[in-house]
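Naming convention: chains lettered A, B, ... in sequence-line order (proteins, then strands); numbering from 1 in each chain. No hydrogens, no waters, no symmetry mates; every other heavy atom, side chains included, goes into these values.
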Protein chains: 2
Amino acid sequence: MSAGPSLGEFEQVVLLAILRLGDNAYGVTIGAEITACTSREPAPGALYTTLDRLEDKGLVTSRLGDPTPQRGGRAKRYFTLNSKGLAAITRAQQSYRRLLEGCELPGLNYA
Amino acid sequence: MSAGPSLGEFEQVVLLAILRLGDNAYGVTIGAEITACTSREPAPGALYTTLDRLEDKGLVTSRLGDPTPQRGGRAKRYFTLNSKGLAAITRAQQSYRRLLEGCELPGLNYA
DNA sequence: GACATTTAAACTACATCATAGAGTAAATGG
DNA sequence: CCATTTACTCTATGATGTAGTTTAAATGTC
């Protein structure tokens, strides 16, 4: 294979959601962002399993935040895309773009 | 889930390659198109397994062509995207696009 | 301060998807 | 009729995707 690990479909979705959320990306917000953008409602187990795998692959890093002063404000595990993760998602999406170029797909045409 | 089956990463790549190839999509050309657009070199087994799965899901149809008058011109199995397949790939790619909107990814910004 | 409630994460088990590798089939050319 | 070429099929296994259940850690109430 050319370079780096390949990404599964849901892995790409999760990486993009983390990217969108910036410094507020943890399990619950990531799931909510995915629902907002894709109408999917990933089960908690699905999400955390994938997050662990992405961390094992070295595409994201996680740090444990401080508990917040609100009922149930348990410490959150924040995720960040690192440079390797950014490269991987960019490569994957550019492949789709090259395949889409010249195709006529309703709502997905590139200028 | 909202509507229709979800697509794996490679399934999307294969569907898009079939779309690009129009009426000349069969195993070998599909593999070549994938290599041209993504630098990946899928093994034959990987490709045909995925094609079979896509047909089982009702996203593509296949018909057997006539043998061609050339050395090794064995009959080809041609694949076509049907309306369900077109809807599925469109939906999947629109999800990516919504996630990408507003993100700054080098080489992937949308106007 | 015991205990219910809320928010969040971890664990377990299983289904689906991805992939390689080896093998089979059907055509032509010498 | 056998080697060569093009193309597809079969089998086994690892990677990804998913649900469901359980655990953890905070606050609010009585």
DNA chain D: 5'-proximal contact among A/Phe10 and B/Lys76 (nearest heavy atom): B/Lys76
Pairs: protein N or O with nucleotides 27-30 of chain D N or O, under 3.5 Å:
from   : atom 1 : to      : atom 2 : distance (Å)
D/dG28 : O4'    : A/Arg71 : NH1    : 2.4

Any A/Arg77 side-chain N or O less than 4.0 Å from OP1/OP2 of C/dA10: yes
Contact under 4.0 Å: B/Arg40 side-chain N or O vs C/dT19 OP1/OP2: yes
Short of 4.0 Å, heavy atom to strand atom, which residues of [range] count as contacting DNA chain D?
range: residues 12-26 of chain A; value: none
range: residues 27-36 of chain B; value: B/Gly27, B/Val28
range: residues 46-58 of chain A; value: A/Ala46, A/Thr49, A/Arg53, A/Lys57

All N/O donor-acceptor pairs, side-chain side in residues 14-24 of chain B, below 3.5 Å, sequence neighbours left out:
from    : atom 1 : to       : atom 2 : distance (Å)
B/Arg20 : NE     : B/Glu33  : OE2    : 2.8
B/Arg20 : NH1    : A/Arg98  : O      : 3.2
B/Arg20 : NH1    : A/Leu99  : O      : 2.9
B/Arg20 : NH1    : A/Glu101 : O      : 2.5

For atom [atom1] of [X] and atom [atom2] of [N], their distance in whole Å:
X: A/Leu7; N: C/dA18; atom1: CG; atom2: C1'; result: 14 Å
X: A/Tyr78; N: C/dA8; atom1: OH; atom2: P; result: 9 Å
X: A/Arg74; N: C/dA8; atom1: CZ; atom2: P; result: 10 Å
X: B/Glu9; N: D/dG17; atom1: CD; atom2: P; result: 9 Å
X: B/Leu64; N: C/dA27; atom1: CG; atom2: C1'; result: 13 Å

Side chain proximity check, A/Arg63 to A/Thr80, heavy atoms < 4.5 angstrom: yes
Close side-chain approach of A/Phe10 and A/Pro42, heavy atoms under 4.5 Å: yes
What's the spacing between [X] [atom1] and [Y] [atom2] if we round to 0.5 Å?
X: A/Leu59; Y: A/Ser83; atom1: CG; atom2: OG; value: 10.0 Å
X: A/Leu86; Y: A/Arg91; atom1: CG; atom2: CZ; value: 10.5 Å
X: A/Gln93; Y: A/Leu100; atom1: CD; atom2: CG; value: 9.5 Å
X: B/Gln12; Y: B/Tyr96; atom1: CD; atom2: OH; value: 4.5 Å

Check: residues 44-52 of chain A side-chain donor-acceptor pairs under 3.5 Å, at least two apart:
from    : atom 1 : to      : atom 2 : distance (Å)
A/Thr49 : OG1    : A/Gly45 : O      : 2.6
A/Thr50 : OG1    : A/Ala46 : O      : 3.0
A/Asp52 : OD1    : A/Arg77 : NH1    : 3.3
A/Asp52 : OD1    : A/Arg77 : NH2    : 3.0

Pairing residues for B/Thr68 by the side-chain hydrogen bond (donor to acceptor under 3.5 Å, both in side chains) criterion, not counting sequence neighbours: B/Gln70
Pairs flagged by ring-ring contact (aromatic ring centres under 6.0 Å, His included) wherever residues 12-37 of chain A is involved - sequence neighbours left out: A/Tyr26-A/Tyr78
Residue pairs passing the salt bridge (charged side-chain N to carboxylate O under 4.0 Å, His left out) test where at least one lies in residues 8-17 of chain B, sequence neighbours excluded: B/Glu9-B/Arg40, B/Glu11-B/Arg53, B/Glu11-B/Lys57
Co-members of the apolar cluster containing A/Leu64 [side chain, <4.5 Å]: none
Flag, side chain of B/Thr35 to backbone of B/Gly31, donor-acceptor distance under 3.5 Å: yes
Backbone of A/Thr61 reached by a side-chain donor or acceptor of A/Asn82 within 3.5 Å: no
Shortest side-chain distance from B/Ala43, nucleotide among D/dA19, C/dA20, D/dT9: C/dA20
